[in-house]
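First up is the structure itself, then whatever we jot down about it.
Because only heavy atoms are used, hydrogens play no part in the values below, and waters and symmetry mates are left out as well, while side chains stay in. Whatever order the structure lists ligands and atoms in, that order sets their numbers, starting from 1.
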Amino acid sequence: MAIISKNKINKLKQKANDLFNRTIDQHITLAVTGLSRSGKTAFITSLVNQLINEGSNAQLSFFDVSHQGRYIAAKRVPQKNLHIPRFEYDVALDALCSEPPSWPEPTHGISQLRIAIRYQPKNSLLKYATDTATLFLDITDYPGEWLLDLPMLNQTYEEWSITTLKLMLQSPRQPKAQSLIDKIDAIDPFAIVDEQLLADLAKEYTELLHYFRHELGLSVIQPGRFILPGELADAPILQFIPFTGFSKIDANDYQNAGDDTFIGMLRARFIEYKERVVRKFYKEHFVNFDRQIVLADCLKPLNTGPDSFADLQLGINMIMESFSYGQSSLFSRLFSPKIDKLLFAATKADHVTPEQHGNLVSLLNQLVYQTKHLLNYETITMKTVAIAAVKTTQAGKSLHKGQLLPVLKGRRASDDKTITVFPGSVPSKLPDESFWQDKGFNYIDFAPQEACSHHQNLPHIRLDQVMQFLLGDKML
Ligand SMILES: Nc1nc2c(ncn2[C@@H]2O[C@H](COP(=O)(O)OP(=O)(O)OP(=O)(O)O)[C@@H](O)[C@H]2O)c(=O)[nH]1
Ligand SMILES: [Mg+2]
């Protein structure tokens with residue numbers, strides 16, 4: 001009899017405990033984005049690695065729950081959305097931990113991963129009620145290029161064509177773009193459409209966008225899905241181009257053109273793209289994000305030149321529209337967003353010596369806040385930070401012509417040699433003529449530093465600050 005009541009009591013206790021556990025379980029949907037090669041895969045891999053191996057050799061002093069000894073453990077659990085590809089954490093970590101270590105392969109679309117983090121709540125009332133609480137963290141990786149499409153939702157096909165043509169006619173795009181512009185100019189827009197010709201022109205336009213991104217280092221690539229099509233590769237919805245001759249055609253003829261004409265089909269596909277691709281992404285995914293980190297590689301454009309940097313500025317400007325939730329903003333008129341915290345991170349900070357990190361953040365601030373007076377971000381808490389998801393260099397000082405200069409030592413990716421370099425200075429303001437003339441920055445691709453194991457933490461810079469900002473307030 002005594003045993004039965006003890007069991008009963010235990011069960012009741014368990015039930016009460018479960019109830020408390022349930023009520024304090026927390027959930028965050030964290031979205032990670034940035035233009036291609038900005039460092040998304042490396043960031044997510046390192047973040048998950050730090051969370052899973054917390055307590056081994058982690059340097060997480062700014063992550064309160066860890067610093068205060070309340071962090072218990074984290075593990076990967078099956079993701080909720082089964083129709084979205086899984087983020088390949090093991091594959092990425094295998095590359096970073098291989099001998100010699102290498103960077104993970106580029107990725108091309110959206111992916112997700114879920115982790116459950118157990119911790120001890122700080123709040124004393126809850127602490128007596130339950131031993132642990134769980135924070136479920138859903139991480140989504142998606143290309144920043146997709147955000148560049150948001151302004152299209154507010155444009156007609158004619159408006160989009162005119163804006164895009166204007167950009168194509170400017171330096172540095174014009175020399176490479178001219179031949180395609182000439183081909184489009186030669187077409188009769190009211191003739192019955194030749195779908196193969198349209199497919200060929202769209203292919204040429206896509207190749208041009210790849211050239212802008214990868215050869216010229218430009219950021220404003222539209223439509224974003226053209227270079228990152230995912231499952232839509234070769235689908236007719238991605239086979240349209242800007243029409244270059246709007247100034248030469250009659251507005252009525254354009255309005256009355258049937259869908260079987262060249263111009264009519266372009267317009268129909270543009271509308272379809274906006275609805276089925278752009279709007280769908282915002283409706284299905286974006287509106288569910290609670291927190292967002294936008295990664296930006298500001299160093300490569302600084303090294304590439306003024307055109308590339310100016311384009312990054314324009315790209316960030318366009319990306320910011322997705323977080324402008326003021327009454328009159330395009331975004332708020334179209335969707336009901338719920339992101340409450342937005343972090344902008346300048347990635348690959350291990351490419352510059354530590355005393356330059358302040359400048360890197362100032363530069364990022366200027367890029368991010370340049371439009372703040374025009375837009376409204378009242379409902380979002382924003383922060384900027386300079387990080388390295390995977391630190392590949394060691395900072396030191398070296399004597400040069402009688403002067404001690406800050407230097408970096410690391411393994412150069414191109415030839416695997418360990419080198420010591422003075423990377424130069426990052427401007428704290430948007431760079432002017434003199435910066436470009438002095439060519440003040442020397443960017444070298446470094447390979448990951450040392451072999452690691454799945455049970456050790458990757459070396460990083462300021463990921464703990466990122467974790468505190470994005471997760472800290474949910475782990476009190
Ligand atoms: N030194 C250094 N290089 C980094 C770091 N993170 C990324 N990189 C470099 O940037 C490249 C791109 O990083 P990824 O993490 O693959 O970038 P991504 O945004 O996922 O790129 P896509 O998948 O192509 O969109 C890597 O191959 C590295 O060369 C970092 O923390 N430090
Ligand atoms: Mg990637």
Side-chain angles (χ1 to χ4, degrees), residues 31-50 85-89 91-96 98 100-113 139-148 209-210 213-214 217 219 221 224-225 227-230 293-301 303-304 312 315 319 345-354 356-357 360 385-395 408-414 416 418-419 421 423 441-450 452 457-466:
V32 180
T33 198
L35 298 176
S36 56
R37 317 311 292 141
S38 57
K40 300 180 291 294
T41 303
F43 171 79
I44 296 174
T45 306
S46 184
L47 176 69
V48 173
N49 170 266
Q50 311 298 337
R86 203 158 55 105
F87 179 85
E88 300 274 19
Y89 172 72
V91 177
L93 197 63
D94 279 348
L96 288 166
S98 60
S102 61
W103 291 108
E105 290 294 317
T107 49
H108 303 288
I110 193 164
S111 62
Q112 278 187 347
L113 171 139
I139 304 176
T140 305
D141 174 354
Y142 72 94
E145 280 78 0
W146 294 2
L147 298 182
L148 296 176
L209 293 179
H210 276 288
R213 177 74 192 125
H214 302 294
S219 302
I221 302 298
R225 291 300 189 302
I227 64 165
L228 290 157
I293 176 164
V294 179
L295 307 177
D297 178 352
C298 304
L299 299 173
K300 207 138 202 183
N303 200 54
T304 311
L312 173 71
I319 285 176
T347 52
K348 313 177 194 180
D350 56 327
H351 277 272
V352 290
T353 43
Q356 297 292 321
H357 288 178
L360 187 54
V385 66
I387 63 163
V390 183
K391 182 170 171 266
T392 62
T393 59
Q394 257 133 31
L408 292 177
K409 189 171 158 192
R411 196 160 62 89
R412 187 161 51 196
S414 59
D416 223 17
T418 299
I419 55 162
V421 285
F441 191 70
N442 179 21
Y443 189 98
I444 287 164
D445 271 321
F446 288 107
Q449 212 175 28
E450 60 215 55
C452 57
N457 293 76
L458 293 161
H460 68 89
I461 299 174
R462 294 193 194 88
L463 277 200
D464 50 345
Q465 292 190 25
V466 169

Practice problem: Could you tell me whether any N, O or S atom belonging to Ser36 is less than 2.8 Å from the Mg ion (ligand 2)? | Solution: no
Quiz prompt | side chain to side chain donor-acceptor pair (under 3.5 Å) against Arg462, all qualifying residues, sequence neighbours excluded | solution = His357
Quiz item: Is there a donor-acceptor contact under 3.5 Å from the side chain of Thr393 to the main chain of Gly410?
Solution: no
Quiz item: Which protein residues have a heavy atom under 4.0 Å from ligand 1?
Solution: Leu35, Ser36, Arg37, Ser38, Gly39, Lys40, Thr41, Ala42, Trp103, Pro106, Thr107, Lys348, Asp350, His351, Ala388, Ala389, Val390, Thr392
Practice problem: Using a strict cut-off of less than 4.0 Å between a Lys/Arg side-chain nitrogen and an Asp/Glu carboxylate oxygen, indicate whether Asp297 and Lys348 qualify as a salt bridge. | Solution: yes
Exercise. Consider only side-chain N and O atoms of Thr392 and Gln449, and report whether a donor and an acceptor are under 3.5 Å apart.
Key: no
Quiz item: With under 30° as parallel and over 60° as perpendicular, where do the rings of Phe446 and His351 fit, or are they tilted in between?
Solution: tilted
Self-check item: Worked verdict on Ser36 versus Glu145 for side-chain hydrogen bond (donor to acceptor under 3.5 Å, both in side chains)
Solution: CA-CA 8 Å; Ser36 56; Glu145 280 78 0; 3.2 Å; yes
